[in-house]
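Read the structure below first, then the notes.
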Amino acid sequence: MAPPPGDPAQPVGRPRRPARPRPRPPRPAPTRPARRVRNAPAPTPPPDGDRSPFELVNSVAGIASFLGALMLYAGYIYTNAYFGYFRLNPFAVGLSTFELVMHSLRLATLPVLEVLALALLVPAAPRLLTLFHVPEHHVRRLREFGRAVARAHLGYVVLGVVLMLLWRWIQPYGWTAPLLVAGGLILGLTRAAAPAGETRPRAPWERAGSLLVAGLFLIWVAALAAGQLGRQDARHDADHLVSRVAVVIMSTERLDFAPPGPHYEDLGKGVHYRYRYTGLRLLLERDHRYYLLLLGWDHDTDPTYVVEDDDTIRIELRPGVLPRTDR
(Lines give C-alpha, C1' and ligand atoms only; values in the text may rest on other atoms or scores of the structure.)
Protein backbone atom coordinates (compact mmCIF):
# COMPACT_ATOMS: atom_id res chain seq x y z
CA MET A 1 0.00 0.00 0.00
CA ALA A 2 1.49 3.30 -1.09
CA PRO A 3 2.05 5.89 1.53
CA PRO A 4 -0.14 8.90 1.30
CA PRO A 5 1.26 11.90 -0.34
CA GLY A 6 2.86 14.30 1.99
CA ASP A 7 4.04 11.61 4.29
CA PRO A 8 7.42 12.46 5.78
CA ALA A 9 8.59 9.03 5.10
CA GLN A 10 8.19 9.53 1.39
CA PRO A 11 11.21 11.29 -0.18
CA VAL A 12 10.36 14.25 -2.24
CA GLY A 13 12.35 16.93 -4.24
CA ARG A 14 13.24 20.43 -3.11
CA PRO A 15 10.19 22.45 -2.33
CA ARG A 16 9.46 25.39 -4.66
CA ARG A 17 9.66 28.85 -3.26
CA PRO A 18 6.59 30.93 -3.63
CA ALA A 19 6.90 33.37 -6.56
CA ARG A 20 7.47 36.97 -5.56
CA PRO A 21 5.19 39.52 -7.09
CA ARG A 22 6.87 41.77 -9.66
CA PRO A 23 6.97 45.43 -8.69
CA ARG A 24 4.71 47.50 -10.85
CA PRO A 25 6.04 50.71 -12.31
CA PRO A 26 4.74 53.77 -10.52
CA ARG A 27 1.87 55.46 -12.20
CA PRO A 28 2.51 59.02 -13.28
CA ALA A 29 0.81 61.53 -11.09
CA PRO A 30 -2.16 63.09 -12.81
CA THR A 31 -1.35 66.58 -14.06
CA ARG A 32 -3.70 69.24 -12.92
CA PRO A 33 -4.58 72.07 -15.26
CA ALA A 34 -2.95 75.36 -14.36
CA ARG A 35 -5.21 77.80 -12.70
CA ARG A 36 -6.19 80.80 -14.74
CA VAL A 37 -5.28 84.07 -13.15
CA ARG A 38 -8.12 86.43 -13.44
CA ASN A 39 -7.64 90.12 -14.07
CA ALA A 40 -4.01 89.66 -15.09
CA PRO A 41 -2.38 93.03 -15.73
CA ALA A 42 -1.72 93.85 -19.35
CA PRO A 43 1.90 94.14 -20.43
CA THR A 44 3.15 97.64 -19.94
CA PRO A 45 4.81 99.40 -22.86
CA PRO A 46 8.57 99.74 -22.71
CA PRO A 47 9.87 102.94 -21.16
CA ASP A 48 11.17 105.75 -23.31
CA GLY A 49 14.73 104.91 -22.46
CA ASP A 50 14.42 101.51 -24.22
CA ARG A 51 13.78 102.96 -27.65
CA SER A 52 15.99 101.88 -30.49
CA PRO A 53 18.56 104.29 -31.92
CA PHE A 54 16.60 104.39 -35.16
CA GLU A 55 13.50 105.66 -33.35
CA LEU A 56 15.52 108.30 -31.51
CA VAL A 57 17.16 109.52 -34.71
CA ASN A 58 13.80 109.57 -36.45
CA SER A 59 12.25 111.59 -33.61
CA VAL A 60 15.12 114.09 -33.57
CA ALA A 61 14.96 114.50 -37.35
CA GLY A 62 11.21 115.05 -37.24
CA ILE A 63 11.45 117.66 -34.49
CA ALA A 64 14.32 119.45 -36.27
CA SER A 65 12.38 119.54 -39.54
CA PHE A 66 9.31 120.91 -37.81
CA LEU A 67 11.30 123.59 -35.99
CA GLY A 68 13.08 124.61 -39.20
CA ALA A 69 9.81 125.00 -41.07
CA LEU A 70 8.28 126.83 -38.13
CA MET A 71 11.19 129.29 -37.94
CA LEU A 72 11.05 129.97 -41.68
CA TYR A 73 7.31 130.56 -41.60
CA ALA A 74 7.51 132.75 -38.48
CA GLY A 75 10.34 134.77 -40.05
CA TYR A 76 8.28 135.42 -43.17
CA ILE A 77 5.23 136.48 -41.13
CA TYR A 78 7.36 138.82 -39.00
CA THR A 79 9.10 140.51 -41.96
CA ASN A 80 5.85 140.75 -43.90
CA ALA A 81 4.17 142.49 -40.95
CA TYR A 82 7.17 144.75 -40.27
CA PHE A 83 7.86 145.93 -43.83
CA GLY A 84 4.17 145.90 -44.69
CA TYR A 85 3.72 148.64 -42.12
CA PHE A 86 6.02 150.76 -44.33
CA ARG A 87 4.23 149.56 -47.52
CA LEU A 88 7.04 147.24 -48.59
CA ASN A 89 7.00 143.59 -49.64
CA PRO A 90 9.74 141.38 -48.15
CA PHE A 91 10.06 139.47 -51.44
CA ALA A 92 10.41 142.70 -53.40
CA VAL A 93 13.05 143.87 -50.94
CA GLY A 94 14.99 140.66 -51.63
CA LEU A 95 15.37 139.02 -48.24
CA SER A 96 17.06 135.61 -48.32
CA THR A 97 15.92 132.45 -46.58
CA PHE A 98 18.68 132.80 -44.00
CA GLU A 99 17.50 136.33 -43.19
CA LEU A 100 13.94 135.13 -42.76
CA VAL A 101 15.11 132.46 -40.32
CA MET A 102 17.21 135.01 -38.42
CA HIS A 103 14.24 137.37 -38.18
CA SER A 104 12.25 134.55 -36.59
CA LEU A 105 14.65 134.69 -33.64
CA ARG A 106 12.98 137.98 -32.76
CA LEU A 107 10.30 135.77 -31.21
CA ALA A 108 12.85 134.42 -28.72
CA THR A 109 12.06 137.08 -26.15
CA LEU A 110 12.73 136.66 -22.45
CA PRO A 111 9.12 135.77 -21.49
CA VAL A 112 8.97 133.12 -24.23
CA LEU A 113 12.28 131.58 -23.14
CA GLU A 114 11.12 131.55 -19.52
CA VAL A 115 7.90 129.74 -20.44
CA LEU A 116 9.81 127.16 -22.52
CA ALA A 117 12.29 126.53 -19.71
CA LEU A 118 9.43 126.11 -17.26
CA ALA A 119 7.68 123.67 -19.58
CA LEU A 120 10.85 121.55 -19.75
CA LEU A 121 11.39 121.60 -15.98
CA VAL A 122 7.83 120.75 -14.94
CA PRO A 123 8.02 117.00 -15.84
CA ALA A 124 11.28 116.68 -13.89
CA ALA A 125 10.01 118.62 -10.86
CA PRO A 126 9.38 115.52 -8.65
CA ARG A 127 12.92 114.25 -9.21
CA LEU A 128 14.38 117.66 -8.49
CA LEU A 129 12.41 117.90 -5.27
CA THR A 130 13.64 114.45 -4.27
CA LEU A 131 17.25 115.53 -4.84
CA PHE A 132 16.63 118.52 -2.58
CA HIS A 133 15.34 116.14 0.13
CA VAL A 134 11.79 117.47 0.07
CA PRO A 135 9.43 115.29 2.16
CA GLU A 136 7.84 112.45 0.25
CA HIS A 137 4.26 113.51 0.92
CA HIS A 138 4.90 116.87 -0.77
CA VAL A 139 6.36 115.13 -3.82
CA ARG A 140 3.37 112.79 -3.91
CA ARG A 141 0.96 115.73 -3.83
CA LEU A 142 2.84 117.39 -6.64
CA ARG A 143 2.59 114.25 -8.78
CA GLU A 144 -1.11 113.94 -8.09
CA PHE A 145 -1.58 117.57 -9.07
CA GLY A 146 0.35 116.99 -12.30
CA ARG A 147 -1.80 113.96 -13.14
CA ALA A 148 -4.95 115.99 -12.50
CA VAL A 149 -3.73 118.74 -14.80
CA ALA A 150 -2.87 116.23 -17.55
CA ARG A 151 -6.20 114.39 -17.25
CA ALA A 152 -8.04 117.68 -17.77
CA HIS A 153 -6.52 118.08 -21.26
CA LEU A 154 -9.91 117.93 -22.97
CA GLY A 155 -10.99 120.94 -20.92
CA TYR A 156 -8.13 123.01 -22.36
CA VAL A 157 -9.14 122.03 -25.88
CA VAL A 158 -12.76 123.03 -25.24
CA LEU A 159 -11.66 126.33 -23.66
CA GLY A 160 -9.50 127.11 -26.68
CA VAL A 161 -12.41 126.45 -29.05
CA VAL A 162 -14.66 128.72 -26.97
CA LEU A 163 -12.06 131.51 -27.10
CA MET A 164 -11.87 131.14 -30.88
CA LEU A 165 -15.62 131.78 -31.01
CA LEU A 166 -14.95 134.99 -29.02
CA TRP A 167 -12.12 136.02 -31.36
CA ARG A 168 -13.07 139.68 -31.64
CA TRP A 169 -13.12 140.23 -27.91
CA ILE A 170 -9.83 138.57 -26.97
CA GLN A 171 -7.51 140.67 -29.12
CA PRO A 172 -4.55 141.28 -28.96
CA TYR A 173 -4.29 137.98 -27.05
CA GLY A 174 -5.91 135.83 -29.71
CA TRP A 175 -2.86 133.55 -29.80
CA THR A 176 -3.95 132.08 -26.45
CA ALA A 177 -6.86 130.20 -28.09
CA PRO A 178 -4.80 127.98 -30.46
CA LEU A 179 -2.13 127.65 -27.78
CA LEU A 180 -4.68 126.11 -25.39
CA VAL A 181 -5.84 123.67 -28.06
CA ALA A 182 -2.27 122.62 -28.92
CA GLY A 183 -1.31 122.30 -25.26
CA GLY A 184 -4.37 120.16 -24.49
CA LEU A 185 -3.66 117.82 -27.40
CA ILE A 186 -0.02 117.40 -26.36
CA LEU A 187 -0.96 116.78 -22.72
CA GLY A 188 -3.37 114.09 -23.88
CA LEU A 189 -0.43 112.11 -25.29
CA THR A 190 1.41 111.88 -21.96
CA ARG A 191 1.19 108.89 -19.63
CA ALA A 192 -0.14 111.03 -16.82
CA ALA A 193 -3.25 111.79 -18.89
CA ALA A 194 -4.31 108.11 -18.96
CA PRO A 195 -7.18 107.25 -16.56
CA ALA A 196 -6.31 105.40 -13.38
CA GLY A 197 -5.75 101.68 -14.00
CA GLU A 198 -5.59 101.97 -17.78
CA THR A 199 -2.29 100.83 -19.27
CA ARG A 200 -3.31 100.24 -22.87
CA PRO A 201 -1.19 102.46 -25.14
CA ARG A 202 -2.95 104.66 -27.64
CA ALA A 203 -3.14 103.56 -31.25
CA PRO A 204 -0.44 104.95 -33.56
CA TRP A 205 -3.00 106.72 -35.76
CA GLU A 206 -4.43 108.48 -32.69
CA ARG A 207 -1.00 109.76 -31.66
CA ALA A 208 -0.15 110.81 -35.21
CA GLY A 209 -3.46 112.64 -35.62
CA SER A 210 -3.08 114.48 -32.30
CA LEU A 211 0.49 115.50 -33.13
CA LEU A 212 -0.54 116.70 -36.59
CA VAL A 213 -3.39 118.86 -35.29
CA ALA A 214 -1.25 120.18 -32.43
CA GLY A 215 1.52 121.09 -34.88
CA LEU A 216 -0.94 123.02 -37.07
CA PHE A 217 -2.19 124.98 -34.07
CA LEU A 218 1.38 125.71 -32.98
CA ILE A 219 2.13 127.09 -36.45
CA TRP A 220 -0.93 129.30 -36.08
CA VAL A 221 0.32 130.50 -32.69
CA ALA A 222 3.72 131.36 -34.20
CA ALA A 223 2.07 133.24 -37.07
CA LEU A 224 -0.14 135.30 -34.75
CA ALA A 225 2.72 136.12 -32.39
CA ALA A 226 5.14 136.95 -35.23
CA GLY A 227 2.66 139.23 -36.99
CA GLN A 228 1.78 141.05 -33.79
CA LEU A 229 5.45 141.49 -32.86
CA GLY A 230 6.36 142.68 -36.37
CA ARG A 231 3.72 145.43 -36.32
CA GLN A 232 4.73 146.38 -32.80
CA ASP A 233 8.41 146.75 -33.77
CA ALA A 234 7.47 148.74 -36.87
CA ARG A 235 5.44 151.23 -34.83
CA HIS A 236 8.28 151.56 -32.35
CA ASP A 237 10.84 152.26 -35.08
CA ALA A 238 8.51 154.77 -36.77
CA ASP A 239 8.07 156.62 -33.48
CA HIS A 240 11.86 156.74 -32.92
CA LEU A 241 13.10 157.61 -36.40
CA VAL A 242 15.34 160.33 -35.05
CA SER A 243 17.64 157.71 -33.52
CA ARG A 244 18.13 155.75 -36.76
CA VAL A 245 20.94 156.27 -39.27
CA ALA A 246 20.70 159.69 -40.97
CA VAL A 247 20.95 159.78 -44.78
CA VAL A 248 22.21 162.72 -46.85
CA ILE A 249 21.65 162.52 -50.61
CA MET A 250 24.02 164.42 -52.92
CA SER A 251 22.77 164.59 -56.51
CA THR A 252 23.87 166.19 -59.75
CA GLU A 253 20.24 166.72 -60.74
CA ARG A 254 17.23 167.73 -58.79
CA LEU A 255 15.22 164.73 -57.60
CA ASP A 256 11.45 164.60 -57.59
CA PHE A 257 10.23 163.48 -54.18
CA ALA A 258 6.58 163.01 -53.39
CA PRO A 259 5.37 165.69 -50.97
CA PRO A 260 6.14 166.62 -48.29
CA GLY A 261 9.65 165.67 -49.42
CA PRO A 262 12.96 166.17 -47.59
CA HIS A 263 14.72 169.49 -47.12
CA TYR A 264 17.09 170.30 -50.02
CA GLU A 265 19.80 172.86 -50.72
CA ASP A 266 21.19 174.15 -54.02
CA LEU A 267 24.98 174.40 -53.65
CA GLY A 268 25.51 176.27 -56.94
CA LYS A 269 26.51 175.53 -60.50
CA GLY A 270 30.19 175.06 -59.75
CA VAL A 271 29.60 172.01 -57.56
CA HIS A 272 29.40 168.56 -59.16
CA TYR A 273 26.83 167.28 -56.68
CA ARG A 274 24.74 170.41 -56.76
CA TYR A 275 21.69 169.37 -54.73
CA ARG A 276 21.77 168.11 -51.16
CA TYR A 277 18.78 166.46 -49.44
CA THR A 278 18.60 166.03 -45.67
CA GLY A 279 16.07 165.07 -43.03
CA LEU A 280 15.91 161.41 -44.05
CA ARG A 281 16.39 158.25 -42.02
CA LEU A 282 17.47 154.82 -43.24
CA LEU A 283 15.00 151.98 -43.01
CA LEU A 284 16.87 149.38 -45.09
CA GLU A 285 19.68 149.13 -47.64
CA ARG A 286 19.58 146.35 -50.21
CA ASP A 287 21.52 145.99 -53.49
CA HIS A 288 22.41 149.68 -53.73
CA ARG A 289 18.83 150.63 -52.99
CA TYR A 290 18.06 152.77 -50.00
CA TYR A 291 14.62 152.68 -48.42
CA LEU A 292 14.21 156.01 -46.64
CA LEU A 293 11.72 157.63 -44.31
CA LEU A 294 11.21 161.32 -43.65
CA LEU A 295 11.60 162.62 -40.11
CA GLY A 296 8.14 162.81 -38.53
CA TRP A 297 6.91 160.06 -40.88
CA ASP A 298 3.17 159.37 -40.62
CA HIS A 299 1.90 155.91 -41.47
CA ASP A 300 -1.43 157.19 -42.79
CA THR A 301 -0.17 159.88 -45.20
CA ASP A 302 3.60 159.82 -45.79
CA PRO A 303 5.32 157.67 -48.44
CA THR A 304 8.42 155.49 -48.19
CA TYR A 305 11.15 156.70 -50.55
CA VAL A 306 13.26 154.27 -52.59
CA VAL A 307 16.51 155.79 -53.92
CA GLU A 308 18.90 153.82 -56.12
CA ASP A 309 22.57 154.67 -55.90
CA ASP A 310 24.20 155.38 -59.29
CA ASP A 311 26.80 157.72 -60.85
CA THR A 312 24.58 160.79 -60.42
CA ILE A 313 23.93 160.24 -56.71
CA ARG A 314 26.16 160.01 -53.68
CA ILE A 315 24.75 158.63 -50.44
CA GLU A 316 26.18 159.73 -47.10
CA LEU A 317 25.34 157.85 -43.93
CA ARG A 318 25.61 159.78 -40.71
CA PRO A 319 24.72 159.03 -37.10
CA GLY A 320 21.23 159.85 -36.01
CA VAL A 321 20.29 161.74 -32.90
CA LEU A 322 20.93 159.47 -29.94
CA PRO A 323 18.38 159.45 -27.14
CA ARG A 324 19.33 161.43 -24.09
CA THR A 325 20.66 159.35 -21.22
CA ASP A 326 21.44 160.21 -17.63
CA ARG A 327 25.08 159.83 -16.76
- prompt: Under 4.5 Å between side-chain heavy atoms, hopping through other hydrophobics if needed: is there a path connecting Leu224 to Met164?
  reply: yes

message: Taking Pro303's backbone N and O only, do any of them form a donor-acceptor pair with Trp297's side chain (distance below 3.5 Å, no angle check)?
response: yes

message: Would you say that more than 12 heavy atoms from the other residues, nucleotides or ligands in this model lie under 6.0 Å from the OH of Tyr173, or not?
response: no

field: Atom pair CG/CG of Leu121 and Leu128 - distance to nearest 0.5 Å
entry: 6.5 Å

query: Rounded to the nearest 0.5 Å, how far apart are CZ of Phe86 and CG of Leu284?
result: 10.5 Å

query: Which atom names give the shortest non-hydrogen contact between Leu163 and Ala177, and what distance separates them?
result: CB-CB, 3.7 Å

field: Where Leu229 and Arg106 come nearest, the two heavy atoms and their spacing
entry: CD2-O, 3.4 Å

message: Looking at every non-hydrogen atom in both residues, tell me the closest pair between Ala226 and Ala74 and how far apart they are.
response: CB-O, 3.5 Å

- request: For residues Val139 and Leu142, determine if any side-chain heavy atom of one lies less than 4.5 Å from a side-chain heavy atom of the other.
  value: no

message: Between Arg281 and Leu293 (side chain of the first, backbone of the second, donor and acceptor by atom type, cut-off under 3.5 Å), is there such a pair?
response: no

- line: Sorted by chain and residue number, the side chain to side chain contact (heavy atoms under 4.5 Å, CB included) partners of Leu294 (sequence neighbours excluded) come out as Pro260, Pro262, Leu280, Tyr305

- request: Indicate, with yes or no, if Leu241 and Leu88 share a hydrophobic cluster defined by side-chain heavy-atom contacts under 4.5 Å among Ile, Leu, Val, Met, Phe, Trp and Tyr.
  value: yes

task: Report, as yes or no, whether the 6.0 Å neighbourhood of atom CZ on Arg87 holds more than 12 heavy atoms from other residues, nucleotides or ligands.
output: yes

- prompt: Can you check ring-ring contact (aromatic ring centres under 6.0 Å, His included) on Phe257 and Tyr277, steps first, answer last?
  reply: CA-CA 10 Å; Phe257 284 96; Tyr277 297 87; 5.2 Å; yes

query: What do you reckon, is CZ of Arg289 surrounded by more than 12 foreign heavy atoms closer than 6.0 Å?
result: no

query: Are the side chain of His236 and the backbone of Gln232 linked by a donor-acceptor contact shorter than 3.5 Å?
result: no

query: Tell me, do Asp233 and Tyr78 make a side-chain contact under 4.5 Å, heavy atoms counted?
result: yes

query: Taking the six-membered ring for Trp, are Phe91 and Tyr76 ring centroids under 6.0 Å apart?
result: yes

query: Take atom OH in Tyr291; do more than 12 heavy atoms of anything else shown fall under 6.0 Å from it?
result: yes

- prompt: Within a reach of under 6.0 Å around CD of Glu253, are more than 12 heavy atoms found that belong to other residues, nucleotides or ligands?
  reply: no

Cluster link Leu267 to Ile249, ILVMFWY, side chain under 4.5 Å: no

message: Which label fits His299 and Tyr85: parallel for a plane angle under 30°, tilted from 30 to 60°, or perpendicular past 60°?
response: parallel

task: Find out if a path of hydrophobic residues (ILVMFWY) with successive side-chain heavy-atom gaps under 4.5 Å connects Tyr82 to Met71.
output: yes

message: A quick test of your reading: do over 12 heavy atoms of other residues, nucleotides or ligands sit less than 6.0 Å from OH of Tyr275?
response: yes

message: Using every non-hydrogen atom in the two residues, find where Val181 and Val161 come nearest and quote the distance to one decimal.
response: CG2-N, 4.1 Å

task: Looking only at non-hydrogen atoms, find the nearest pair between Leu295 and Val242 and report the distance.
output: CD2-CA, 3.9 Å

statement: Closest non-hydrogen atoms of Ile186 and Ala214, given as atom of the first, atom of the second and distance, are CG1-CB, 3.9 Å

- request: With rounding to the nearest 0.5 Å, note down the distance linking CG in Leu70 to OG in Ser65.
  value: 12.0 Å

message: Do Ile313 and Leu292 land in one hydrophobic cluster if side-chain heavy atoms of ILVMFWY residues count as linked below 4.5 Å?
response: yes

Value rounded to 0.5 Å, distance of CG in Leu154 from OH in Tyr156: 10.5 Å

Steps toward side-chain contact (heavy atoms from CB on, under 4.5 Å) verdict (His272, Thr252): CA-CA 6 Å; His272 179 68; Thr252 58; 3.7 Å; yes

message: Using a 3.5 Å distance criterion without hydrogens, assess whether the side chain of Thr79 forms a donor-acceptor pair with backbone atoms of Pro90.
response: no

message: side-chain contact (heavy atoms from CB on, under 4.5 Å) for Leu189 and Arg207? Distances and angles first, verdict last.
response: CA-CA 7 Å; Leu189 299 177; Arg207 295 182 60 88; 4.2 Å; yes

- prompt: Short question: side chain of Glu285, backbone of His288 - any donor-acceptor pair under 3.5 Å?
  reply: yes

task: Could you tell me the separation between the OG1 atom of Thr312 and the OH atom of Tyr273, rounded to the nearest 0.5 Å?
output: 8.0 Å

- request: Would you give the length of the straight line joining atom CG of Leu95 to atom CE of Met102, rounded to the nearest 0.5 angstrom?
  value: 13.0 Å

